[in-house]
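Input: a single structure, listed below in structure tokens.
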Amino acid sequence: MESDGEDTPPPAAARACGAGHRASHSLPTSAGGRVCLSCAAALLSSAASAPSHHVSHALAALSLALADPAFLAPLRAAHPRLLAAPLAEALAAAAARRDAALAAQASDLAADLAAAVGAPAASDLVARVARALSSGSLVKHLHTLHCLGILLNSTKDAAAYIGDKQSLYLNLVNNLRLPRFIPLHIDTFLALRITLSDSIINLFWYSDEIRGEILFVLYKLSLLNATPWDDICDNDNVDLSAIGRSLLQFSLEVLLKTQNDDVRLNCVALLLTLAKKGAFDILLLSDPSLISSAEAEDNVPLNDSLIILFADAVKGSLLSTNIEVQTGTLELIFHFLSSDANIFVLKTLIDQNVADYVFEVLRLSGNNDPLVISSIQVLSILANSEERFKEKLAIAVSTLLPVLHYVSEIPFHPVQSQVLRLVCISIVNCSGILSLSQEEQIACTLSAILRRHGNGELGMSSETFALVCSMLVEILKLPSADDIQKLPSFIVEASKHAISLTFSHEYDCLFLTPHSLLLLKEALIFCLEGNKDQILRKKVLEDSIIETCETYLLPWLESAIVDGNDEETLSGILQIFQIILSRASDNKSFKFAEMLASSSWFSLSFGFMGLFPTDHVKSAVYLVISSIVDKVLGISYGETIRDACIYLPPDPAELMYLLGQCSSEDFNLASCQCAILVILYVCSFYNERLAADNQILASVEQYILLNGAKFPHEIPGSLMLTLLVHLYAFVRGISFRFGIPHSPEAEKTLFHAMAHKEWDLLLIRVHLIALKWLFQNEELMEPLSFHLLNFCKIFCEDRIVTLSSSTQLVDIQMIAELVYSGETCISSLLVSLLSQMIKESAEDEVLSVVNVITEILVTFPCTSDQFMSCGIVDALGSIYLSLCSSRIKSVCSLLIFNILHSASAMTFTCDDDAWHALTMKLLDCFNSSLAYTSNEQEWKILIGILCLILNHSANKVLIEPAKAIILNNCLVLLMDGIVQEACAKGPSLFQHNQETTFGELLILMLLLIFFSLRSLQAILEASIDWQEFLQYSDDTESSSVLGIPCHDLCRLMHFGPSPVKLIASQCLLELLNRISDQRSCLNAELRCSAKYLKSIIAVTEGMVFDQDSRVAENCGACLTVILGWERFGSREKAVVRESKWSRLILEEFAVALTAPGLTSKSFSNQQKIAANIALSLLQLSQVPDWLTSLFSDSLISGIVANLSARNVTAEIVTLFSELMAKNYLNQEHIAGLHNLFQVCRRQAYEGGGGSKAQPSEQKADAARSSDDVRALLFGMMLEQRACSGATVEMEQQRLLREIDSFFFQESSLREQNSVK
């Protein structure tokens, strides 16, 4: 081998080296030198005897040359194998000399040579290095092993170049054995050294590094299928079991003792590779039957020790800080457990606490995904030994919960289902260990999985879905489930999403629907169990489940009729429905039954039985139907279906056939017929037909004809006869509507049974059509009158007619609607019952009938005309002649009041005599028994009746009864006494409001006066002198008609409470208007004194400022009427001129129009009144001077400037028209007002100027008590006030008319000025 200096010229032609080797072996370098391969080979071959530094120099030179392309190209082309053998010998010599540095250098060069030259050199190196390691101790061959490992790792098909694979493998295994000796003191060791063989001495130098290299080589050989268990090896006469046992034992011992993570990694990799090949399966079998009998005694204990050794060995690796080592160890455990090992291996590993170490790895994993996956896979297999594993799981369950949360947020995580299964095991077996917060956390995570999947946030496998549902079911079954506060809300969300997912046809319903239905079922049972407080707390869950049934399950059932074939799902849904119907609260179960029945449930049910013709489906369907009937009709009727379920056919046509058969001798057939009648009757309430109407009628009639003599003999007769009556009546009502013929004989048979057998109209729920048909048949009046009387009795007691909270029977609304229709005889039947009960002096029955009639009138007031046409006035009149109790008379009086209040005027024209007689009886009763200081209800209602009679007389009806009232001397005296007592109370009268007895009586008597004043005008207009009411009682004889003088009304207005003020002011206005009209007609002089008139003016002027705008309006109107009397005479003029309050009123009015914020609070809403007073004063023959000075130019200018379209009223426009006529307005005022009124008119036409109408208070149409009587009368008085009924539209039209009048007057004035 030769080399030149740094500045040598390019290499010359090849020539032999100084040793005389062939020139072809001398290869050039890019630096200009040459390397003789023969010299290098010779030196390397003699490395055992050559100086180390020479060999090292040669190795270094070759290493540099291999990196030189100029050298490498000819080497690769001509001499690829030349250096392999010498290099292998040098590596062996360095190992023999224990020259670690030289061995490492040789090993690196061998690896570089194989990588640079390729297969020729690599194959030779593999073969020679493997041969060197195939025998003997490997204690010196650390770098040789390392070199072989590199070669095996980098050379393609390296195993093919190994000559004796078996020997190599066995030698590697044998050298893997750890030394076993007694530890000696160092002096003892040195003393014995001379006597120890080299092989023994070598054991002391054994290190982790060598074992790591051996393990790596074994691992690579296993990957290359160069093990005794691979087909490419010659396995003749080889005990694979022994080899495997040795390798496993030696490797596990290394893994147990080492602290080096690289060694652990190589050992785990080797064991994992061999485990995948099944090399250790036979060694883990502990069942002697699986091993030959000769080996059983030796192997089984050894296997036990191997498993224990394996358990101890993996613990250290599991606690390693190297994640790769931990992951590999977990994979190794997983493959060991996945082999053919039986449950003994699992138990042993669990007993050796391997599960605890795996849980610790999982706890410290920090959600490292590979660690999580490997740990969960191992734990999932360990969980197969449930009895032993659950003890470990109970301790480590808290470790699983963060992992559950982690994997739940990753779509399709590889171990998501395994984690769920482990947690499920902990829920089932460790329920006492889990805290409430942990159980709540699990439920929250599970519901979140379903929610996110339902919202499309992440995917989910079918297995995961099934596990989530199962786990939630197990949580619901926990004894502590009721103590988990948020569990109901989690289950609400989870069950809703689970059902929506499985019933949306996106998944395999055959697999998933049972799980979601089981969850819904268990959730339903959960929310229905427990004490009252617990059930109440779970109310939201119950409501959600019922809503889910309505939203998802019922539509699925409807579609299943068309395209469904899943009997299991149908049965599950029917079972859930049955639980709701039978165990939910009465209200919810009834609503659910109504919902099902309203959804064509009966048609669906027979569709189910046709689609799935099995006894199981038929039983489930009829059970649900019977539960619906329990809620709709009552439990007795549902029981008939359950009793006959096994005999009932699944086809509606067969049901109709069975119904038309004779069942006198067949109890089972009779039971079926009863069940069929129940089903048909319930269907009628929900517009369902199991057959055509004519077919149903024919079958029912056939049943009546064939079984009429004995039906129904097999069950309580009254129940089924009642149902048969209602069903027949309904079918007949329908058939009459569509013109379907019927059988008179069947009708006669049923009518005979109704007359002679026990049945009860009120026993079950009845259809309005059936009830209407029954009360249209005159042949049934006698039995129906009995049932109607029973209805009145029950209604009087309970005010409702129900059998239970879930079954609606005949109610007052039905009866009222039938009376209102006018197509039945109920009204005449009630009047007839009333007359009969009065004759029999049956006070309780009278009270019952009257209460029902009153309730009908309250519901439909217009039915008063029907009852009057049936003679109810005569019947009621007889009550006041009998010795009935005060309660009866009060109730009857209330009925009379309601009839008077709601009947039309035309009805009274034909019944005047009856009303006159009744009025006289009422007056006699009133005069004989009234003690106005008492608290009886009767007299209050009697006064109300008298008021209504007087009110009707104003319309020219009930004239004679009204005269009897007005001219009744006792009533007049009573009125005088009450008024005088009220006036005598003075200021204390204010305390006697409607809440006091006297105050209530006073209000009613004032209302009577108000209606009598209106009646006087209609019936005694020619003979009444209205000025009599303007005089003191001392000045003239006491009045012979019902009324109150004006001065008493003024006292009541001044001292009385608000209701008294209002009624008295209304009466005063009515009187003054009548006096004014009569004076205008007769041109009569005023007969009262000026002082009297001044007192009236003073009171009315003062009341203009009253807080009640209605009282103020009435007083303003009274004042306007009196001011209008100024034209009649000098006395009136003097009185009017002396008025001081009018000036104050108008001054306030002026301030309100110019500066609204400065007016008094009491005057803020009285501008219309003041405008009318100002108008009246302007229309006097001589306008007061103060009024002229008040309406000065400056004031009018201020008013015009302050007005806007929003606060202009018809009264304001009228006032300005009068001011313009009296020349108070100049041209500027007129122009400003013209523009303002134009804006008002435009806004009125556009709909933007007027305020929106406020909804009027709902008026009562009938009275139920004396308080209602007073309220109705008060409302009637308010309706008759002037303009009180004017709507916003009417006020707007009046405003437009006044504006048009102003414009016309302005135009006329302009024309007059132009002419001048």
| message | Using the rule given for side-chain contact (heavy atoms from CB on, under 4.5 Å), can you reason through I872 versus L895, listing the C-alpha separation, both sets of side-chain angles and the distance that settles it, and then say yes or no? | response | CA-CA 10 Å; I872 193 171; L895 176 58; 3.9 Å; yes
Just wondering, do [Y] and [X] contact through their side chains at under 4.5 Å, heavy atoms?
X: E845; Y: L834; answer: no
X: E960; Y: W915; answer: no
X: M1276; Y: H901; answer: yes
X: V1269; Y: K940; answer: no
X: L789; Y: S848; answer: no
X: L1068; Y: V1099; answer: no

Shortest non-hydrogen separation from [X] to [Y] and the atoms involved:
X: Y1092; Y: H1047; result: OH-ND1, 2.7 Å
X: L1042; Y: S1012; result: O-OG, 3.5 Å
X: I966; Y: S1015; result: CD1-OG, 3.4 Å

| Can you pull the ring-ring contact (aromatic ring centres under 6.0 Å, His included) pairs that have at least one residue in residues 825-876, sequence neighbours excluded? |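 Found Y820-F860.
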| message | Test: ring-ring contact (aromatic ring centres under 6.0 Å, His included). Region: residues 941-983. Which pairs qualify, not counting sequence neighbours? | response |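 Qualifying pairs: F908-H952.
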For [X], give me all partners under ring pair (Phe, Tyr, Trp, His ring centres under 6.0 Å), at least two apart in sequence or on another chain.
X: F1055; answer: none
X: F1274; answer: none
X: H916; answer: none

| request: Output, in order, the C-alpha distance, side-chain angles, deciding distance and verdict of side-chain contact (heavy atoms from CB on, under 4.5 Å) for V1111 and C1115. | output: CA-CA 6 Å; V1111 174; C1115 292; 4.2 Å; yes
| request: With rounding to the nearest 0.5 Å, note down the distance linking CZ in F795 to CD in E855. | output: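 Output value for this atom pair is 4.0 Å.
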| query | Please walk me through it: do I1009 and M975 pass side-chain contact (heavy atoms from CB on, under 4.5 Å)? | reply | CA-CA 9 Å; I1009 294 299; M975 175 61 68; 3.4 Å; yes
| message | Checking C947 against F1010 for the side-chain contact (heavy atoms from CB on, under 4.5 Å) test, could you report, in this order, the C-alpha distance in whole Å, the side-chain angles of both residues, the deciding distance, and whether it holds? | response | CA-CA 9 Å; C947 289; F1010 171 77; over 6 Å; no
| query | Does C983 offer a backbone N or O that forms a donor-acceptor pair with the side chain of D1048 under 3.5 Å? | reply |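 Flag not set: sc D1048 to bb C983 has no pair under 3.5 Å.
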| field | Exam field: side chain S1076 to backbone N1073, donor-acceptor pair closer than 3.5 Å | value |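 No, because the side chain of S1076 does not come within donor-acceptor range (under 3.5 Å) of the backbone of N1073.
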| said: If the condition is side chain to side chain contact (heavy atoms under 4.5 Å, CB included), which residues does H1054 pass it with, not counting sequence neighbours? | reply: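 For H1054, no residue satisfies side chain to side chain contact (heavy atoms under 4.5 Å, CB included) once neighbours in sequence are set aside.
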| query | Salt bridge between R1270 and D1267, side-chain N to carboxylate O under 4.0 Å? | reply |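 Yes, this pair counts.
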